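Quick caveat, the model's predicted, so the values are computed rather than measured. Atoms considered below: every heavy atom in the structure, side chains included; atoms not considered: hydrogens, waters and symmetry mates. Just follow the structure's listing: the first ligand is 1, and inside any ligand the first atom is 1.
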Amino acid sequence: METHNEMYDVVIVGGGAAGLSAALVLGRARRRVLVIDGGAPRNAPAAHMQGFLSRDGMPPAELLAAGRAEVTGYGVEIADDHVQTIEPGFIVRLAGGRVSIARRILVATGVGDELPDIAGVRERWGKDLLHCPYCHGWEVRDEPLGVLGTHPMSVLHAQLVRQWSADVTYFVHTNDLNASEQAQLEARDIRIVRGEVARLVIDDDHLTGVELTDGQVIPRTAVFIRPGNLPHPDGLLAGLGCELDAAGFVTVDATWQTSTPGVWAAGNVVDPRAQVITSAGAGSAAAIAINADLVQDDVARAMRHHDTAKVASPAASAATND
Ligand SMILES: Cc1cc2nc3c(=O)[nH]c(=O)nc-3n(C[C@H](O)[C@H](O)[C@H](O)COP(=O)(O)OP(=O)(O)OC[C@H]3O[C@@H](n4cnc5c(N)ncnc54)[C@H](O)[C@@H]3O)c2cc1C
């Protein structure tokens, strides 16, 4: 097993939109940067990425390939590997055996989506089983849409999806409605279907309907869910002592710095609602803050060196002061 002990100004964990945008800024700031990426960005199941100004509709993998080419052009190194642990100091250990030392850390590892255990959901995720109307709503506008009641926020999600189509069916599934939710759905002509959902009906690689456990099939061409989100499952930030909020997400200041000095976090790992463009923006802003922090550290180091040189050679320093 190969082992390096290389020193970097910044190690970035995660090479999605947030991590690569940070790498671009730091590479252009002439910092020595390593990006370590596990190669599983959140939107990989989707064929197209929407809502990124000037890149609307681009395949997600194309954006990342372009980003990788840009950052390596500024000398940033990319390791296709998985970070297992980060120890204070910072010592970064990779699954492949490599060990790197970093002055600063940026964690941009994204977030996991918790999907309901309904037949067809995993297979159609990012295709016609969708979660984000801002990402996919336009593409299915005016179609017969469904929303599955799998989450406490599902009713609100149905009200949001209604913005894109007048034909929305809310499947109560296991998430009972209260009187006010029912009235609000009815007020906006959202059809309510009671009964447990058994599976998504797929025909010729397209979703065609939602089947209930009693066998009834309601034709739909796309279905939305509100997934739960799994914050940073590898526990890297918690391991570094970073403060987490009640939902388990890391807390950051306005510059995306965590409560642990020297550790920043950006993108979906901080906010599961962040889009690609906002994750990229967060990565960029974090990188500027990290570079400013490194400059302060560079000044402190230079002053220490300067003072030591004066103590070592008092005559020279006295001559200079004349
Ligand atoms: C199906 C779907 C479709 C979407 N469509 C859109 C869309 O059209 N438009 C839009 O704006 N947003 C869309 N999104 C949201 C989008 O995916 C996120 O906004 C974006 O991916 C967040 O970027 P990120 O850099 O924070 O995380 P990610 O893109 O998820 O990147 C995180 C990277 O970190 C790596 N990683 C994780 N842990 C480790 C580790 N321990 N060591 C090394 N590497 C690690 C992962 O492998 C991954 O490559 C969609 C989401 C989903 C689920």
>> I need the nearest protein heavy-atom contact for atom 45 (C) of ligand 1: residue, atom name and distance, please.
In response: Gly38 N, 3.8 Å
> Quick one: does His136 get a heavy atom under 4.0 Å from ligand 1?
Replying inline: yes
> Between Trp125 and ligand 1, does any nitrogen or oxygen pair lie at a separation below 3.5 Å?
Replying inline: no
> When only distance counts, is Gly39 in polar contact with ligand 1, meaning an N/O pair under 3.5 Å?
Replying inline: yes
> Can you tell me which residue and heavy atom of the protein come closest to atom 41 (N) of ligand 1, and the distance to 0.1 Å?
Replying inline: Asp234 OD2, 2.7 Å
>> I need the atoms of ligand 1 closer than 4.0 Å to a non-hydrogen atom of Gln50, numbered in the order shown.
In response: 7 (C), 8 (O), 9 (N), 10 (C), 11 (O)
>> In this structure, does ligand 1 have an atom that sits under 4.0 Å from one of the heavy atoms of Ala108?
In response: yes
> What are the two closest non-hydrogen atoms of Ala22 and Gly283, and how far apart are they?
Replying inline: CB-O, 3.3 Å
>> What protein heavy atom lies closest to atom 51 (C) of ligand 1? Include the residue and the distance to one decimal.
In response: His131 CE1, 3.6 Å
>> Checking the N or O distance criterion of under 3.5 Å, is ligand 1 in contact with Ala46?
In response: no
>> Counting non-hydrogen protein atoms only, what is the nearest one to atom 34 (O) of ligand 1? Give residue, atom name and distance.
In response: Gly14 CA, 3.2 Å
> Going by the atom numbers of ligand 1, which of them fall below 4.0 Å from some non-hydrogen atom of Val276?
Replying inline: 10 (C), 11 (O), 12 (N), 16 (C), 19 (O)
> Between Glu186 and Arg162, is there a salt bridge with N-O shorter than 4.0 Å?
Replying inline: no
>> At less than 4.0 angstrom from any non-hydrogen atom of Gly126, what atoms of ligand 1 do you find?
In response: 1 (C)
> Can a salt bridge be assigned to the pair Glu62 and Arg55 using a cut-off of 4.0 Å between side-chain N and carboxylate O?
Replying inline: no
>> Please tell me whether Trp164 and Tyr134 form a close aromatic pair, meaning their ring centres lie under 6.0 Å apart.
In response: yes
>> Applying a heavy-atom cut-off of 4.0 Å, say which part of Gln84 lies close to ligand 1: side chain, backbone, both or neither.
In response: neither
> Is Arg68 salt-bridged to Asp80, going by a charged N under 4.0 Å from an acidic O?
Replying inline: yes
> For atom 31 (O) of ligand 1, what is the nearest protein heavy atom, given as residue, atom name and distance?
Replying inline: Gly16 CA, 3.5 Å
> Should the pair Arg104-Asp9 be classified as a salt bridge under the 4.0 Å nitrogen-to-oxygen rule?
Replying inline: no
> Around atom CG of Asp117, are there more than 12 heavy atoms of other residues, nucleotides or ligands at under 6.0 Å?
Replying inline: no
> Knowing that exactly one of Ile218, Ile192, Ile118, Thr150 qualifies, which makes a side-chain contact (heavy atoms from CB on, under 4.5 Å) with Phe171?
Replying inline: Ile218
>> Show me which atoms of ligand 1 lie under 4.0 Å from any heavy atom of Ala40.
In response: 46 (C), 47 (O), 48 (C), 49 (O)
> Got an N/O contact under 3.5 Å between Asp37 and ligand 1?
Replying inline: yes
> Which residue and non-hydrogen atom of the protein lie closest to atom 17 (O) of ligand 1, and at what distance in Å?
Replying inline: Asn43 CB, 3.2 Å
> Below 4.0 angstrom, N of the basic side chain to O of the carboxylate: do Asp298 and Arg31 qualify?
Replying inline: yes
> How does Pro45 reach ligand 1, by side chain, by backbone, by both or by neither, if only non-hydrogen atoms under 4.0 Å count?
Replying inline: neither
> Hey, which atoms in ligand 1 end up nearer than 4.0 Å to a heavy atom of Asp113?
Replying inline: 53 (C)
>> Counting only nitrogen or oxygen atoms and a 3.5 angstrom limit, does Val111 reach ligand 1?
In response: no
>> Among all protein heavy atoms in this structure, tell me which lies nearest to atom 19 (O) of ligand 1, with the distance rounded to 0.1 Å.
In response: Ala274 O, 2.7 Å
> Atoms of ligand 1 less than 4.0 Å from Gly267 heavy atoms?
Replying inline: 26 (O)
>> Under 4.0 Å from a heavy atom of Ala17: which atoms of ligand 1 are those, numbered in the order shown and with their elements?
In response: 25 (O)
>> I'd like to know if Asp81 contacts ligand 1, where contact means a heavy-atom distance under 4.0 Å to any ligand atom.
In response: yes
